[in-house]
Every structure is written in structure tokens, then in C-alpha cells.
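What follows is a short report on a single structure.
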Amino acid sequence: MLTVHAADAVIGAPDGADSVAVDGGAVVAVGRYAELTAARPRARVRRWSGLITPGLLNAAAPALLEAAYHPDPREADEHGTEPLTGDALTALGMDDARWGASARRGLQRMLRHGTTAVRGPFTRPAVRTAVARSGLRVHAPGPAPEAASLDPLASVPEPADAFAAALTVGGPADLAVFDVPDLAALRTEGAGRCTATVLGGRLVFRRS
């Protein structure tokens, strides 16, 4: 469906741009809200506070999904809510089914941080299946950050270093929205300020 996402500013676009028009899974225009909506009067409009950026790449995904357990909310009393690693992970006696369920929860947590792409490789079959079904784009193996974090911004000097792809007309409609006034605030506050994630034109996360 043709949709215009409007915010205070669009990062990675010409100065003055505050909106992105997407149709299906592609970006069809980037520019000022008045111009984009005038040319597309039938478009659905989603208004956001803060910044629209390209979706983020989490380069630590193998460690987060294959070397950590993301507890089910029903396990919070026993295991807490943060990923378990090391001895705590070993004590769980993980099997394929549990790895798959953990990966699905971990991927949902990534979406809540503006992630639209992950860096492989993934060696556990259950994790590979979860990643494939999530729709997240998988990038080729490359350098991994020293410390794995659900926040892709935590391991890069500047937010732009974590953008999965450039925001271009004809490119994939993979976007993240952050409730911050500018890039300096995003760098300081991190991807936990994500309020929405768009993957292939679909709104896959919206903070309530």
C-alpha cells in the first residue's frame, strides 16, 4: 500500500526532507511532506515524532542468537528478562526447539531497536530458520563488535555507521524511527529510542 512516513527529519536524505513515500517494498520518493502528499493524495500517512533513518544492521547477531538465550516472558521470575550467556546458558541444556524459540524472541527484540538486517553466518538450523522467517535481511559475514548488544549503535562511532543500506529511491523500504531531535541525541541515547521499524514496506514494530 502506498504510504507516506512523515517525521521531523529524514537522515540520509537531502536537507529539508521530512518524509519518505513507500509503495510495496520499495522507497518511491524522499522529500518534503507537502510535496510528497500533494503528488500522492490517496496515500496513507503515518506521522512520527523525531527522526526517520535507514534501518540498522546488527553485526553481532550470531552471538546474540546462537550464544545467548532470550527468556520467555513467562520465565522472568526464574531467568530474568536479559539474555543468558556463559554458565547460565549451559545450565539450560538447550535443544533445537529451545534455540528456535529463543532466536524468535531475540529477533523481535532486534526489531524493537530499529534493526532491519543482521550479519551472518548462522550455524544452528533452528536459528537459521527463525532468521529466514523473520524477513530480516542477512548480510555476508564480516567483522563483529567486541561486545554483543541488541543496540547496533552501541558499537559504532556514528549512527550512520550502523545503517544497513542507503536510503534511495528504488531501494528497499527498510526504515527506523527514533524519538530523538537529532543525530547527536541518537548517538547518546541509542537505538532503545526506536518507536517504529519498517521492513520491506511493512510496519513490523510500533511502540505503544
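Throughout, numbering of the chain's residues begins at 1 and tracks the sequence.
Side-chain contact between R104 and W99 is absent, with no heavy atoms from C-beta onward closer than 4.5 Å.
The salt bridge (charged side-chain N to carboxylate O under 4.0 Å, His left out) contacts involving residues 53-65 comprise nothing, where partners must be two or more places apart or lie in separate chains. Here salt bridge (charged side-chain N to carboxylate O under 4.0 Å, His left out) pairs that include residues 3-13, with residues two or more places apart or in two chains, number zero.
Counted within 6.0 Å of CZ on R44, heavy atoms from surrounding residues, nucleotides or ligands total more than 12; the atom is thus considered enclosed. With a 6.0 Å radius and a threshold of 12 heavy atoms from other residues, nucleotides or ligands, R46 has its CZ atom above the threshold. When the shell of 6.0 Å around CG of D87 is examined, it contains 12 or fewer heavy atoms from other residues, nucleotides or ligands.
A cation-pi arrangement is present between R47 and Y33 under the rule of less than 6.0 angstrom and at most 45 degrees off the ring axis.
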Quiz item: Between R32 and D18, is a salt bridge (Lys or Arg N to Asp or Glu O under 4.0 Å) present by the stated rule, with each step listed?
Solution: CA-CA 5 Å; R32 296 180 184 273; D18 61 2; over 6 Å; no
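Screening R206, R193, R207 for a salt bridge (charged side-chain N to carboxylate O under 4.0 Å, His left out) involving D179 leaves a single residue, R193.
Closest non-hydrogen pair, S19 versus V10, comes out as N-CG2, 3.3 Å. Minimum heavy-atom separation, I52 to W48: CD1-CD1, 4.5 Å. When all heavy atoms of A21 and L36 are compared, the pair lying nearest together is N-CD2, 3.7 Å.
When hydrophobic side chains of Ile, Leu, Val, Met, Phe, Trp and Tyr are connected at separations under 4.5 Å, L57 ends up as a singleton with no cluster partners.
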Name every donor-acceptor pair, under 3.5 Å, that has one atom in a side chain of residues 153-168 and the other anywhere in the protein, sequence neighbours excluded.
from: E158; atom 1: OE1; to: R187; atom 2: NH1; distance (Å): 2.7
from: D161; atom 1: OD2; to: E158; atom 2: N; distance (Å): 3.2

Using a 3.5 Å cut-off and no angle test, enumerate the donor-acceptor pairs between side-chain atoms of residues 125-135 and protein atoms at least two apart in sequence or in another chain.
from: R128; atom 1: NH1; to: F122; atom 2: O; distance (Å): 3.3
from: R128; atom 1: NH1; to: T123; atom 2: O; distance (Å): 3.0
from: T129; atom 1: OG1; to: P125; atom 2: O; distance (Å): 3.1
from: S134; atom 1: OG; to: V131; atom 2: O; distance (Å): 2.7
from: S134; atom 1: OG; to: L136; atom 2: N; distance (Å): 3.1

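Taking 4.0 Å as the cut-off between side-chain N and carboxylate O, R137 and D174 count as a salt-bridged pair.
Remark: D151 engages no residue in a salt bridge (Lys or Arg N to Asp or Glu O under 4.0 Å) (not counting sequence neighbours).
Residues L107 and V138 fall within the same hydrophobic cluster, defined by Ile, Leu, Val, Met, Phe, Trp and Tyr side chains chained together at heavy-atom separations under 4.5 Å.
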